[in-house]
Amino acid sequence: MDKVITIGRQYGSGGREIGQKIAEHYDIPFYDNELITRAAKESGFAEENFARAEDKATNSLLYSLAMGINVYGNQDFGFTGLSLDDRIFLAQSDVIRKVADEGPCVIVGRCADYVLKERENIVNIFIKASMNYRIERVITQYGEDSKKAADVIMKNDKRRANYYNYHVGEKWNDLSNYDLVIRSDFAGIDRSVACICEYLG
């Protein structure tokens, strides 16, 4: 398997777990929060700035810079004129490109499908599930209060959508942006993994 796999996912759908199991199946690297750690180390920004950037994303656009010349680090190309959030996104995008250059891997979230969209060896997957299934998962898997579970899910989905829309200029939940969409509540985690691996060949 010589592909870089990106995974977008609704909160509570099991997308991260599915991504981990795919990486284990192919014995390839798995990146999620690891990208933040590496981007922080290489950029000099504190890790907490990356988390705050996701929370603060609005519907403004800066996607043209993200897909153009690698602006990050080039102080003469307007980098210093960007907001902190935009510089953090560019730093993270730089790391996403680097790990993709290093070989096959699984990357969860962080607009990786968009950052890498000009490459030919990319497979973009989206994991979704019913609200009831996701509520049950966030209660049992994440220890969330049953009365707050639905609100937590909607808040996290909105945060992911805003972050994606802000940097990409497209709809995060537009399923036409993905090569394969899986409903984890229909298949379950392990069968979702098996279905994706069958698709990947």
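All residue numbers refer to positions in the sequence shown, counting from 1.
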When you look at Ile22 and Ile7, which way does the side chain to side chain contact (heavy atoms under 4.5 Å, CB included) test go after all the steps?
-> CA-CA 11 Å; Ile22 292 169; Ile7 297 182; 4.2 Å; yes

Between Ile135 and Ile153, does a side chain to side chain contact (heavy atoms under 4.5 Å, CB included) hold up when you go through it step by step?
-> CA-CA 7 Å; Ile135 287 173; Ile153 288 169; 3.8 Å; yes

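Taking a 4.5 Å side-chain heavy-atom cut-off between Ile, Leu, Val, Met, Phe, Trp and Tyr, the cluster of Phe186 contains only that residue.
Heavy atoms of other residues, nucleotides or ligands lying less than 6.0 angstrom from CG of Asp145 number more than 12. Atom CZ of Arg183 sits in a crowded spot, with more than 12 heavy atoms from other residues, nucleotides or ligands closer than 6.0 Å. Other residues, nucleotides and ligands contribute at most 12 non-hydrogen atoms within 6.0 Å of the CD atom of Glu198. Remark: Gln20 CD is packed, more than 12 non-hydrogen atoms of other residues, nucleotides or ligands lying under 6.0 Å away.
Using a 3.5 Å distance cut-off with no hydrogens or angles, the side chains of Arg159 and Asn156 do pair a donor with an acceptor.
Contact check on Arg97 versus Asp101 returns no salt bridge, with no Lys/Arg side-chain nitrogen under 4.0 Å from an Asp/Glu carboxylate oxygen. Under the 4.0 Å criterion applied to side-chain N and carboxylate O atoms, Glu102 and Lys98 are not assigned as salt-bridge partners.
Within the 4.5 Å cutoff, side-chain heavy atoms of Arg16 are placed close to those of Phe30. Contact annotation: the side chain of Ser13 approaches that of Arg134 to within less than 4.5 Å [non-hydrogen atoms, C-beta and beyond]. At least one side-chain heavy atom of His167 sits under 4.5 Å from a side-chain heavy atom of Tyr163. Proximity of Ile127 to Ile196: side-chain heavy atoms (C-beta onward) are separated by under 4.5 Å at one or more points. The shortest side-chain heavy-atom distance between Tyr114 and Ser93 does not fall under the 4.5 Å cut-off. Annotation: side chain of Leu200 is in contact with side chain of Tyr26 (closest heavy-atom distance under 4.5 Å). Side-chain contact check for Asp113 versus Ile122: every heavy-atom pair is 4.5 Å or farther apart. By the 4.5 Å heavy-atom criterion applied to side chains, Val138 and Val152 are not counted as neighbours.
Using a distance-only test at 3.5 Å, with no hydrogens or angles considered, a donor-acceptor pair links the side chain of Asp185 to the main chain of Ser130. A donor-acceptor pair under 3.5 Å links the side-chain atoms of Asp179 to the main chain of Asn124, judged by distance alone. A donor-acceptor contact shorter than 3.5 Å is absent between the side chain of Asp94 and the backbone of Leu90. Looking at Arg160, its side chain does come within 3.5 Å of a backbone N or O of Arg9 through a donor-acceptor pair. Side-chain atoms of Gln10 come within 3.5 Å of backbone N or O of Ala129 as a donor-acceptor pair.
There is a path of hydrophobic side-chain contacts, each under 4.5 Å, that joins Tyr142 to Ile139. In the hydrophobic cluster analysis, where Ile, Leu, Val, Met, Phe, Trp and Tyr join through side-chain heavy atoms closer than 4.5 angstrom, Ile182 is grouped together with Tyr133. Transitive grouping of hydrophobic side chains (ILVMFWY, heavy atoms separated by less than 4.5 Å) brings Phe89 and Val95 into a common cluster. Cluster annotation: Tyr31 and Ile96 are assigned to the same hydrophobic cluster (Ile/Leu/Val/Met/Phe/Trp/Tyr, side-chain heavy-atom contacts under 4.5 Å, transitive). At a threshold of 4.5 Å between side-chain heavy atoms, the hydrophobic network of Ile, Leu, Val, Met, Phe, Trp and Tyr places Trp172 and Val123 in two separate groups.
Residue Leu175 holds its CG atom at 7.0 Å from CG of Asn173, rounded to the nearest 0.5 Å. Ser192 OG to Lys21 NZ: the interatomic distance, rounded to the nearest 0.5 Å, is 10.0 Å. From Ile125, atom CD1 reaches atom OG1 of Thr6 across 7.0 Å, with rounding to the nearest 0.5 Å. In this structure, CG in Asp27 is found 9.5 Å from CD in Glu24, a value given to the nearest 0.5 Å. Glu170 contributes atom CD, which lies 8.0 Å from atom OG of Ser176 (distance to the nearest 0.5 angstrom).
In plain terms, the two heavy atoms of Val4 and Pro104 that are nearest each other are CG2-CA, 4.4 Å. Considering all non-hydrogen atoms of both residues, Asp32 and Val108 come closest at OD1-O, 3.8 Å.
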